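Computed from a predicted structure; not experimentally measured. For the numbers below, each heavy atom of this structure counts, side chains included, while hydrogens, waters and symmetry mates do not.
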Amino acid sequence: MNLNINKVKITVTVPPEHTKKVRDAICNAGAGIIGNYTYCTISNECIGTFKPTAAANPYIGEKNKVEFVKEEKIETLCDINIAKKVIKKLKEAHPYEEPAINIIPLINEEDL
């Protein structure tokens, strides 16, 4: 089987009040295109956990304390050729010092 990776799925969690800003940033950078549709994303509410170290500069929470916060997880598709640009724009729009970004390679249906 010969697989060509042309697209990736990008996921990131974000505080709910920043969802629109991050979604706009990634879609304006070219992510979220499926056929004749643009701005294609999905998001759902979730609970994020983290513990900032003494060296951290947390947007939410206190250093050395486990935090449980409401977040939204945004998912979108992206051509692999522009993925670095999209991730750069995502990071610029995201309030966290270290956003949790997943980049998942996708295979084409015709390659199955």
Side-chain angles (χ1 to χ4, degrees):
M1 184 181 298
N2 191 11
L3 300 177
N4 295 312
I5 307 299
N6 298 316
K7 292 194 179 289
V8 294
K9 180 190 283 190
I10 298 173
T11 67
V12 65
T13 55
V14 63
E17 66 272 15
H18 285 84
T19 301
K20 182 182 180 333
K21 182 178 180 181
V22 172
R23 181 179 285 121
D24 288 346
I26 61 179
C27 290
N28 289 335
I33 297 173
I34 302 175
N36 293 325
Y37 296 84
T38 63
Y39 224 86
C40 300
T41 68
I42 188 168
S43 64
N44 44 13
E45 294 179 1
C46 56
I47 301 294
T49 63
F50 56 91
K51 181 179 177 181
T53 66
N57 183 21
Y59 172 76
I60 299 172
E62 298 177 31
K63 295 179 181 186
N64 298 310
K65 180 182 173 207
V66 176
E67 300 290 341
F68 295 81
V69 297
K70 287 185 180 181
E71 294 181 308
E72 279 198 47
K73 180 170 72 169
I74 302 171
E75 300 181 42
T76 194
L77 302 181
C78 178
D79 286 337
I80 199 163
N81 298 328
I82 63 165
K84 280 190 174 187
K85 176 179 88 166
V86 169
I87 292 163
K88 180 180 183 286
K89 294 299 184 180
L90 183 160
K91 288 180 176 180
E92 289 173 1
H94 204 292
Y96 289 174
E97 188 174 21
E98 300 286 342
I101 301 168
N102 294 315
I103 305 159
I104 304 163
L106 301 174
I107 59 174
N108 298 317
E109 182 179 353
E110 53 275 0
D111 290 339
L112 296 175

Task: Considering all heavy atoms, the nearest Thr13-Cys46 contact - done: CG2-SG, 4.1 Å
Open item on the list: For the NZ atom on Lys63, are there more than 12 heavy atoms of other groups (residues, nucleotides or ligands in this structure) within a distance under 6.0 Å?
Closed with: yes
- [ ] With rounding to the nearest 0.5 Å, note down the distance linking CZ in Phe50 to CD in Glu71.
- [x] 7.0 Å
Open item on the list: Would you call the rings of Tyr59 and His18 parallel, tilted or perpendicular, taking 30° and 60° as the class edges?
Closed with: perpendicular
- [ ] Search all heavy atoms of Ala83 against all heavy atoms of Val8 and return the closest pair with its distance.
- [x] CB-CG2, 4.1 Å
TODO: Can you establish whether the number of heavy atoms outside Glu98 located under 6.0 Å from its atom CD is more than 12?
DONE: no
Task: Common cluster, Ile33/Ile80, ILVMFWY with side-chain heavy-atom separation under 4.5 Å - done: no
- [ ] Give a yes or no on this: more than 12 heavy atoms of other residues, nucleotides or ligands lie within 6.0 Å of atom NZ of Lys7.
- [x] yes
Open item on the list: Could you check whether any side-chain heavy atom of Tyr96 comes within less than 4.5 Å of a side-chain heavy atom of Val14, counting everything from C-beta outward?
Closed with: no
Open item on the list: Nearest 0.5 Å, please: how far is OG1 in Thr41 from CG in Leu77?
Closed with: 10.0 Å
Open item on the list: To the closest 0.5 Å, what do you measure between NZ (Lys85) and CG (Asp79)?
Closed with: 10.5 Å
TODO: Count the heavy atoms of every other residue, nucleotide or ligand shown that sit under 6.0 Å from CD1 of Ile42, and state whether that count exceeds 12.
DONE: no
Task: In one Ile/Leu/Val/Met/Phe/Trp/Tyr side-chain cluster, 4.5 Å: Ile101, Val22 - done: yes
Open item on the list: Tell me the closest heavy-atom pair linking Pro52 and Ala56, and the distance in Å.
Closed with: CB-CB, 3.8 Å
Open item on the list: Looking at every heavy atom in both Val12 and Pro99, which two are closest together, and how far apart are they?
Closed with: CG2-CB, 4.2 Å
Open item on the list: If I take atom CD1 from residue Ile5 and atom CG from residue Leu106, how far apart are they, to the nearest 0.5 angstrom?
Closed with: 7.5 Å
Open item on the list: With rounding to the nearest 0.5 angstrom, report the NZ to CD distance, Lys51 to Glu67.
Closed with: 11.0 Å
TODO: To the nearest 0.5 Å, tell me how far Lys89 NZ sits from Ile82 CD1.
DONE: 12.0 Å
- [ ] May I ask you to check whether over 12 heavy atoms, not counting those of Glu17, lie within 6.0 Å of atom CD?
- [x] yes
TODO: Search all heavy atoms of Val86 against all heavy atoms of Cys78 and return the closest pair with its distance.
DONE: CG2-SG, 3.7 Å
- [ ] Output yes when a side-chain donor or acceptor of Lys70 lies under 3.5 Å from a complementary backbone atom of Pro16, and no otherwise.
- [x] no
TODO: State, to 0.1 Å, how close Thr76 and Cys40 come at their nearest heavy-atom pair, and which atoms those are.
DONE: OG1-O, 2.8 Å
Open item on the list: Test of understanding: clusters of I, L, V, M, F, W, Y form through side-chain heavy atoms closer than 4.5 Å, transitively. Do Ile104 and Leu3 belong to the same one?
Closed with: no
- [ ] Give the intermediate values and the outcome of side-chain contact (heavy atoms from CB on, under 4.5 Å) for residues Ile10 and Ile26.
- [x] CA-CA 10 Å; Ile10 298 173; Ile26 61 179; 5.9 Å; no
